[in-house]
Structure formats: structure tokens, C-alpha cells
Amino acid sequence: MDELLPRIPFAEWIDIAVNWLVTTFGTVFDGIADLLEGIVEGSVDILDMFPSILLAVLFSLLAWFISTRKIALFSLFGLLFIDYLGYWYSMLQMLALVLTSVFFAISIGIPIGIWGSQKENVRKSVVPVLDLMQTMPAFVYLLPAIFFFNIGVVPGVVASVIFAMPPTIRLTMLGIQQVPEELIEATQAFGSTTWQRLSKVQIPLAKPTIMAGVNQSIMLSLSMVVIASMVGAPGLGADVYRAVTQLKTGEGFEAGLSVVIIAIMLDRITQHAGKNKKGGTTL
Amino acid sequence: MSEQTIKKKIEVRGATKIFGKNSKRAAQQLKEGKSKNEILKETGATVGVNNATFDVYEGEIFVIMGLSGSGKSTLVRLLNRLIDPTLGHILLDGDDIVQMNKEQLREVRRKKISMVFQNFALLPHKTIAENAEYGLEIQGVAKIERQSKAKESLKLVGLAGYEDQYPHQLSGGMKQRVGLARALANDPDILLMDEAFSALDPLIRKDMQNELLQLHHDMGKTIIFITHDLDEALRIGDRIALMKDGEIVQIGTPEEILMSPSNDYVERFVEDVDLSKVLTAGHVMVKADTVKVDRGPRVALRLMKQLGISSIYVLDNSNRLLGAVTAVDALAASNSEKSLEEIIITDLPMVSTDTVLTELFDVVSTASIPVAVISEDRKLQGILIRGPLIGALSGDNKFINSDGTVNLVEQTDTEVNKNG
């Protein structure tokens, strides 16, 4: 049977494609790598200028402003606890990586989501790509990411962006499509342009759903930090990875707990950001 | 309504909407005269509106009425092209909107036609004022100007003071007032109202109908009103188009629809109508016997004797109703040389011509002399007699004055005025 059905050399093709991309667009990738590295390391440097206690207070004030006092208190004590355990700088590195990834995931994901919500064709071609992005084991595209961007924080950011983007796109499309048909009719009956319909009605009404997508993207990007550390991204993920490889269970738990604290903090804050405080979205 | 003299605002010519993939083939079959069901079976396409042709005149309330699935909501959406017609032409002030490009259509929607929706379709994230401003906002009207216009139109619908509330804080009736205010803020020529009051409870609905009639009276906009409720159609419509299976089966004034249904379907539709809510005093009144006040009691008495009645209405020289005199009083007055003025009974039961029958029963049943029907300037139009009133209720055309003035009913004096 082997002779009758010649093997299609997918693997070879992909290797060739990657090689071609690396040689042809090498400078472009270098530029992207420099940019991403600059952003991540720059943010770490800025955050590190503050004394840890002051930064913890500032973070909890921000949490209070966006959500509730309870979450603010949790953030304050959680951050001080991380500092006490001695993972403060690692935490800043992880935070910078996560926030950078999420920033790019959102700035690419929301426009694609809006586009997809408007055009049936776009939606139909985007959805399978999203499936691929979410289910393809992350290690697989970590490899080409290393070819493109070398080891370090950048392939970690890129892998996180790819892995974290789908929920934002999906929920942006869903939120916009869920706006009741009658409201769309009303905006059209009054002579809105497409952009007016989107910006004045559909996107504001889809905001809670879009924010749920952003929240999911943050969570997914946090889940990538350990994987990113395998290609050399620094941070709490790297601490966990080192502890695991050296069988230091206690240290692994300490670093892991710190990741959990940051995760809960970011999750609760972004969940609240999606809720509309004034007025209502009840239809 | 004298239709010849009034401008045609909208002309719909053969408007047809077919939903589904095979709309071309379905349209062909439709021309061959196949029925909606046959076409659905053969092509899988649904005929929403079939060859609708009608005119809407400037300033009238044109009601499109039909049961659910009759295509009325589709038809109204063809008028502002929320749904594109498959065939046909729709002329607005003479311009065919079917031929318009996006920009022209947008301009028409912004300036000429506004729409009010069944479930209000208010923007939940905007305040009442912002909702009312929406139409102006997207036209790029300056904030201050649109705020004042929105405020004005909210005041018009009785919602002054609610500007900063959100839609979910309002009741259904109030929400629809916002919907109406939003439509009026644009100052359009035409209002499309798609089952605008159907989601409201009956009492609120009636209030809204009255207010709509008042607004229409004050502003004179052309209104196209969709409803499935015949009573509502009869109450507010200047003319009614009745739809069935995507076709218009009859167009006419409420009375034409009621009194001469064009086919069995319309007849079945209208047979349950409560005539007492439709007919007014003007429809059932009969001619009154009157005497001028300066004629004196003797003339009055002789008239009553001749006509065999026991009371007669007294008018002044410009035909305004002063009151009535009874035969007994007139006899006494002629003996004691009093004038008519001294014996007039002035606290007569009186109603206006547009009072509906349900509101008349009480007055008519307790009155000792026939109830007078008067116009706004107190001129006597006719009187109400129990016999013809009951005859009219039974739907007998003999007792119904088609244009609200007395002419059809030949009164038989003796029977008529025994009430006195």
C-alpha cells in the first residue's frame, strides 16, 4: 500500500516554508523582535523603578477604581505576599510579558472580530483558523517562533498572542451579532452609516461580551507563561519551570501560588471592567 | 376625504417581495397567477408581498391591517427599503426609492421617513434624551441644537423631565413615547409605525391612539400605521388597506370596509366588529324639528301639534341651539302671553357628533327628551332617537349616515318623538 499511495511531504514543505520565511523576511522579524523585547523590558524597567510597597498600593487603588474594595484588598495583600516570598521581580517580568501579549491580542483581535461580525465570508474563513490557533499544541509553533525571533522573551510573547487571541475574536463577533435585529433595523431606518451603526450601537452594546473575551485572553496568556519560559522567557514561569526540573516541590508551589494570585487579581478586575456601572444593558 | 385635491405622498406600484433563493423564478410564477402555496412548494420561495399597489395621500393616516403572516410588516419595510422589493416601484414625492443608491436612500431615511417599532427598539445604553437625539446625531447636527430638538419632541409626547433616565427605567407606554419622540425629532414628512401600540396593554394603547390622533391633528404628518387590530385600524385610520397572504384585498375608509366588504374574507374579518365603538352620534342621529326663538310659543305649539311631538328644539337666528320647549309649557306660555325664551329648558342632554355610541347609551337611556347632537360651535346637527340607534347597532345601513350628516334616515315623526 505504501507504494500505491505516495506520502505527501507536508513536514518537508513546512520546513521549506519556514526556512524561506526566515531568509527572506529575516530583517522584518528582527525588527519585530526588537520592538517586542523593547516593550517588555521597558515596562519591567519602569515598573521596577517603584518601591514594591508603593506599586502594590498603586495597583490596589487601580483595582478599587475599576472594581470593588474587596478585590482591591485582595490585590494589596496578594502583591505584598508575593514580595514577601521574594518573587517580586519575577512577577514584574511575567506581568510585562502577559500585558504585552494581551495588548497585541486585543489590538489585533477586536478589529478582526468586528470585521468578521460584518462579513459572512470573513467569519467563515476566520473561525477554522481560530480553531487551529487554539488546539494546535503551543510547543509546535514555539519552534518556528525560535527560528524567527531567537530564544528569549519574544517567542514567548508571540506564542502567547497566538494562543490568547481567539477568545477575543470569537466573543467580539458573538457580542456584535447578538445585538437584537430590531435595534439594527432602527439604526438603519434613521439612516446610519455602517460605521455609525457599529460605533454608536453595536460595539457599545457588545462591550460586556467583548470584555469577557478580553478576560479569557488574559487568562490564556497567563497559562502560557510556563511554556514561554521553556524558550527562555524570564519571570514567574521560569521560576516554576526551574523548580520543576530540579524537583524542588516547595519552590515550585511558591512560584505557582504567585501566578495564581496575579491571575485572580487580573481576572476579577477585568470582569468588573465589562460591567456597565451607569445605565443598563438590559433590553 | 376629497382625494382628488390632495397630493399623493407615496405611490406604490406593483411592489412585490419574494424571500428565498429562487426569487426570479417565483416572480415569474407569480405573474402566471400561481398561489403563494404553489410557489412555496415548487420553488421554495416565500411570497412576502404580492403586487401591492396603492397611494398614500399627504397628511392622512393610512392603516395597513392584516393578521400575522399577511405581509404587512414586510410591506411597510419596503417603503423605507429596510427590505428591498423584488419587483415594483415605490415613489416618494415622485422619486422612485427603489432606484436610489445608498447615499440617496440614507438621505431619505434621515430627512423624510422615520419609523416607530413594535418593541420600541430603544438603545438601552443611551438615555431617553440621547435616544431621542439619535436621528439627529447621525446627521451630524450640533449637540446643542439636537438636544433642544429632542427635548421639544419629548415634551410633545409628554415625557418632559425624563431626559436623563434610561429606557429600562420606563414602562412600555413610556418607552413607545420615546420611540415616537425619536421619530418626530427628525421632523420627517412620513411616520412609519409598525404595530407601534401592539405591545402595550389596552388602556395605555387607547391613550396612545388618542395622543397620536392629537399629534397628527397638530402636525399634519403622513402616517402609515401597521396593525393587526381591526378596532385600532377603524379608530385611527383615514383609510385602511386590508392584507391577506401578501395581497391587499381591500382599500377604503373605515366605513367602506365595514359597510361594503369587497369579499368574504373582509366580511368575515369585520363581522365581529363592535359597531358601538365605531359608529358615532353623527352616524346615527336623525333630523331634528326646530323652531326659531323669535317665533313665540304659539308657533311652537302648532308645529308640535302638526308633527305629533311633545317637545321641540329652539334655535337662535344663527342656528345655535338654545334649548327645548315642551308642549305643556308652550300651551301655558301662550295663555299667559310669555315669550319662548322664558320657558326654554336649557339643561338638555347634549353630545358632540364624534362621540362614539358606547358613550351615548347612558345619556340616551336616561334622557326624557331626545338627546341633541351639536357641533363645536353649538349648532344643532341632529337628535338621537332610540329606535334608529338600535337599528344602526344591528348593522342596518338604513339607519347609518355615511358621511356623518343627516340624510339617510327618513324620520317618522309620530314614532320618533314619543319620547318627549
Side-chain angles (χ1 to χ4, degrees), chain A residues 66 110 113-115 117-121 124 171-215 270-283, chain B residues 73 76-77 79-84 100 102-128 130-140 164-170 175 178-179 182-183 185-186 188 190-195 199:
Chain A
I66 295 174
I110 290 181
I114 293 171
W115 193 26
S117 72
Q118 298 305 300
K119 296 250 192 305
E120 180 80 23
N121 310 342
K124 277 186 176 157
L171 287 167
T172 301
M173 289 198 291
L174 179 72
I176 290 176
Q177 286 178 291
Q178 270 177 342
V179 173
E181 184 57 30
E182 210 182 31
L183 291 185
I184 309 291
E185 264 197 334
T187 56
Q188 278 170 343
F190 283 97
S192 310
T193 59
T194 308
W195 175 241
Q196 284 172 332
R197 163 165 56 80
L198 270 170
S199 64
K200 292 181 190 294
V201 179
Q202 286 182 300
I203 294 174
L205 286 176
K207 202 180 118 200
T209 315
I210 296 175
M211 282 312 291
V214 170
N215 172 278
T270 46
Q271 267 184 23
H272 271 271
K275 286 175 192 157
N276 208 344
K277 279 182 188 169
K278 62 164 192 166
T281 44
T282 21
L283 297 169
Chain B
S73 286
V76 77
R77 279 166 175 71
L79 300 181
N80 62 353
R81 266 183 64 193
L82 280 181
I83 296 175
D84 276 315
M100 286 182 182
K102 270 188 177 178
E103 281 75 37
Q104 290 169 317
L105 183 63
R106 203 178 295 140
E107 206 52 27
V108 164
R109 287 173 176 175
R110 287 178 174 190
K111 300 276 159 67
K112 278 196 177 171
I113 296 192
S114 285
M115 192 158 175
V116 181
F117 294 85
Q118 177 171 11
N119 294 312
F120 324 128
L122 300 182
L123 306 172
H125 59 299
K126 289 179 181 281
T127 63
I128 301 310
E130 286 165 350
N131 265 285
E133 282 170 39
Y134 185 78
L136 298 165
E137 184 186 341
I138 59 174
Q139 290 178 35
D164 296 329
Q165 306 253 16
Y166 282 87
H168 73 270
Q169 294 170 293
L170 303 189
K175 281 183 193 167
V178 181
R182 176 175 64 180
N186 278 12
I190 301 165
L191 273 182
L192 304 179
M193 305 187 69
D194 180 23
E195 302 240 22

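What you see below is based on every heavy atom in this structure, not just the backbone, and it leaves out hydrogens, waters and symmetry mates. Residue numbers begin at 1 in each chain, while the letters A, B, ... track the order of the sequences.
Looking only at heavy-atom pairs under 4.5 Å with chain A, the residue among B:Gln139, B:Lys102, B:Arg182, B:Gln169 that has the most is B:Arg182. Heavy-atom pairs under 4.5 Å with chain A peak, among B:Val116, B:Leu105, B:Leu123, B:Thr127, at B:Leu123. Here B:Glu137 is the residue among B:Glu137, B:Glu103, B:Gln165, B:Arg81 with the most heavy-atom pairs under 4.5 Å with chain A.
At a 4.5 Å heavy-atom cutoff, the contact between B:Asn119 and chain A is made by backbone and side-chain atoms alike. Heavy atoms of B:Arg77 lying under 4.5 Å from chain A belong exclusively to its side chain. Neither the backbone nor the side chain of B:Leu192 has a heavy atom closer than 4.5 Å to any heavy atom of chain A. For B:Phe117, the parts lying near chain A are the backbone and the side chain together; criterion is any non-hydrogen pair under 4.5 Å.
Residues that satisfy the salt bridge (charged side-chain N to carboxylate O under 4.0 Å, His left out) test with B:Arg106, not counting sequence neighbours, are absent from this structure. With sequence neighbours excluded, the residues forming a side-chain hydrogen bond (donor to acceptor under 3.5 Å, both in side chains) with A:Thr193 are A:Gln196, listed by chain and number.
For the residue pair B:Asp194 / B:Ser73, a side-chain donor-acceptor distance below 3.5 Å is found, with atom types taken as modelled.
Between the CD1 atom of B:Ile83 and the CD atom of A:Glu185 there is a distance of 7.0 Å, given to the nearest 0.5 Å.
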Dump the intermediate steps for side-chain contact (heavy atoms from CB on, under 4.5 Å) on B:Gln104 and B:Val108, then the final yes or no. CA-CA 6 Å; B:Gln104 290 169 317; B:Val108 164; 5.8 Å; no
For the pair A:Lys200 and A:Thr187, evaluate side-chain contact (heavy atoms from CB on, under 4.5 Å) and give the outcome as yes or no after the intermediate values. CA-CA 9 Å; A:Lys200 292 181 190 294; A:Thr187 56; over 6 Å; no
